[in-house]
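One structure is given below, encoded as structure tokens.
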2 protein chains.
Amino acid sequence: MARKRRKTKAAPGSRAAVKFGPLENWVGFNLRMAQEAAFAAFSHLSREVGESPGRFAILTLIAENPGISQSALGDAAGRDKSSMTPVLEGLVRRGLVQRARADSDRRSYRLALTPAGEATRARMTACAKRHEKNLDRVLGRDRTRFMQVLKRLAAELD
Amino acid sequence: MARKRRKTKAAPGSRAAVKFGPLENWVGFNLRMAQEAAFAAFSHLSREVGESPGRFAILTLIAENPGISQSALGDAAGRDKSSMTPVLEGLVRRGLVQRARADSDRRSYRLALTPAGEATRARMTACAKRHEKNLDRVLGRDRTRFMQVLKRLAAELD
DNA sequence: TATTGTTATACTCTATAACTATA
DNA sequence: TATAGTTATAGAGTATAACAATA
């Protein structure tokens, strides 16, 4: 497999040797770079399914919590409920998610995946598994510890 | 310091115990969660300086590479040159960045920080250092290895 | 009064393609 | 022809505030 060389222009002016200075040694910056790289790799892997990483998380949360409300979903995803409206509108319109008013509280919806939604979720999960295999290749024996650290960061930062 | 309890409503329906299912065990998902938490913490710390993490990276890259062109800057930041235009327009308008046509190639600009830009960069750097201290508290002795893994991820994912 | 979900609105960040002025 | 930067335009994703329906 020949790896394509994309931007290595070795080029005019300062293009060849840009200095990153203190950015190199900051966890925050490197965390962002790693996340962007992983995000792009996953988007690329799953582009033919047509769902973004964000919508995949939504589908998974609904699958794992059938009957969940939009507000609870937003809380879980760390987004405002008003941000859920257009996302869910799209998923419902495309027949992936089913919404029904809850009998117990007629203000809220109970969300569930349709069979088509379940199929899409399954296809995205297959992409995620391939993606994780790629990540594992890079992580090697550091995986377990790395995951622990990521969870600590998410949990312990205000 | 009393920690404010924000969204822990322990509440109606499924709000209390949302299951994350396979998301829990995926590096990609946890990487995103950790990055978002770190990003939010840094944004909060630096809110009074008024620069976003992204613009801070730009300021740092210019400081480290005086005379850099907009295209080279975009390459370093992983963004298209057309995305640099509005960002730099703002930084120039606010007197933080100075642009001068390069004598050697009159198509390109040479970018540099103004004294005000340098002052802003310094203030943001102070925020970054406080942020890194907070991160170090969470990372503990895992820091070195964690950084290595982040760099591997950024470098080795297509 | 409080909460669920929607609406109206706006902001940030980003990209693609076509353009200009140089090279 | 090719490159540096701009413009026009668009899209994704997100938030705040006000609102109607229901609790």
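Each chain gets a letter, A, B and so on, in the order its sequence line appears, and its residues count up from 1. Note that the structure is a prediction, hence the values are computed from the model and not measured.
As a whole-Å value, the separation of A/Met84 CE from D/dT14 P is 7 Å. For A/Leu88 and C/dT6, the CG to P distance is 8 Å, given to the nearest whole Å. In this structure, A/Leu73 places its CG atom 13 Å from C1' of C/dG5, rounding to the nearest Å. One can place CD1 of A/Ile68 at 12 Å from P of C/dT4, the figure rounded to the nearest angstrom.
When each of B/Ser108 and A/Ser52 is assigned the nucleotide of DNA chain D with its nearest heavy atom, B/Ser108 is the one assigned upstream, toward the 5' end. For the pair A/Glu36 and A/Tyr109, nearest-nucleotide mapping onto DNA chain C gives the more 5' position to A/Tyr109.
Salt bridge B/Arg94/B/Glu89: absent, no basic N to carboxylate O contact under 4.0 Å.
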Going 5' to 3' through nucleotides 15-23 of chain C, assign each nucleotide B (protein heavy atom under 4.0 Å from a base atom), S (under 4.0 Å only from sugar-phosphate atoms) or - (no protein heavy atom that close).
BBB---BBS
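In the hydrophobic clustering, B/Leu31 connects to A/Val27, A/Leu31, A/Leu135, A/Val138, A/Leu139, A/Phe146, A/Met147, A/Val149, A/Leu150, A/Leu153, A/Leu157, B/Val27, B/Leu135, B/Val138, B/Leu139, B/Phe146, B/Met147, B/Val149, B/Leu150, B/Leu153, B/Leu157, either directly or through intervening members, whenever side-chain heavy atoms lie under 4.5 Å apart.
Taking a 6.0 Å sphere around NZ of B/Lys19, one finds it holds 12 or fewer heavy atoms contributed by other residues, nucleotides or ligands. Annotation: A/Arg110, atom CZ; neighbour count of heavy atoms from other residues, nucleotides and ligands within 6.0 Å does not exceed 12.
Phosphate proximity of D/dA4 to B/Ser69: absent, as no side-chain N or O sits under 4.0 Å from OP1 or OP2.
The two residues B/Glu132 and A/Gly28 make their nearest non-hydrogen contact at OE2-N, 3.0 Å.
Counting non-hydrogen atoms under 4.0 angstrom, A/Arg99 reaches the backbone sugars and phosphates but no base.
In this structure, A/Arg101 is positioned above the aromatic face of A/Tyr109, its NZ or CZ under 6.0 Å from the six-membered ring centre and within 45° of the axis.
The A/Pro86 side chain lies nearest to D/dT14 when the options are C/dG5, D/dG5, D/dT14.
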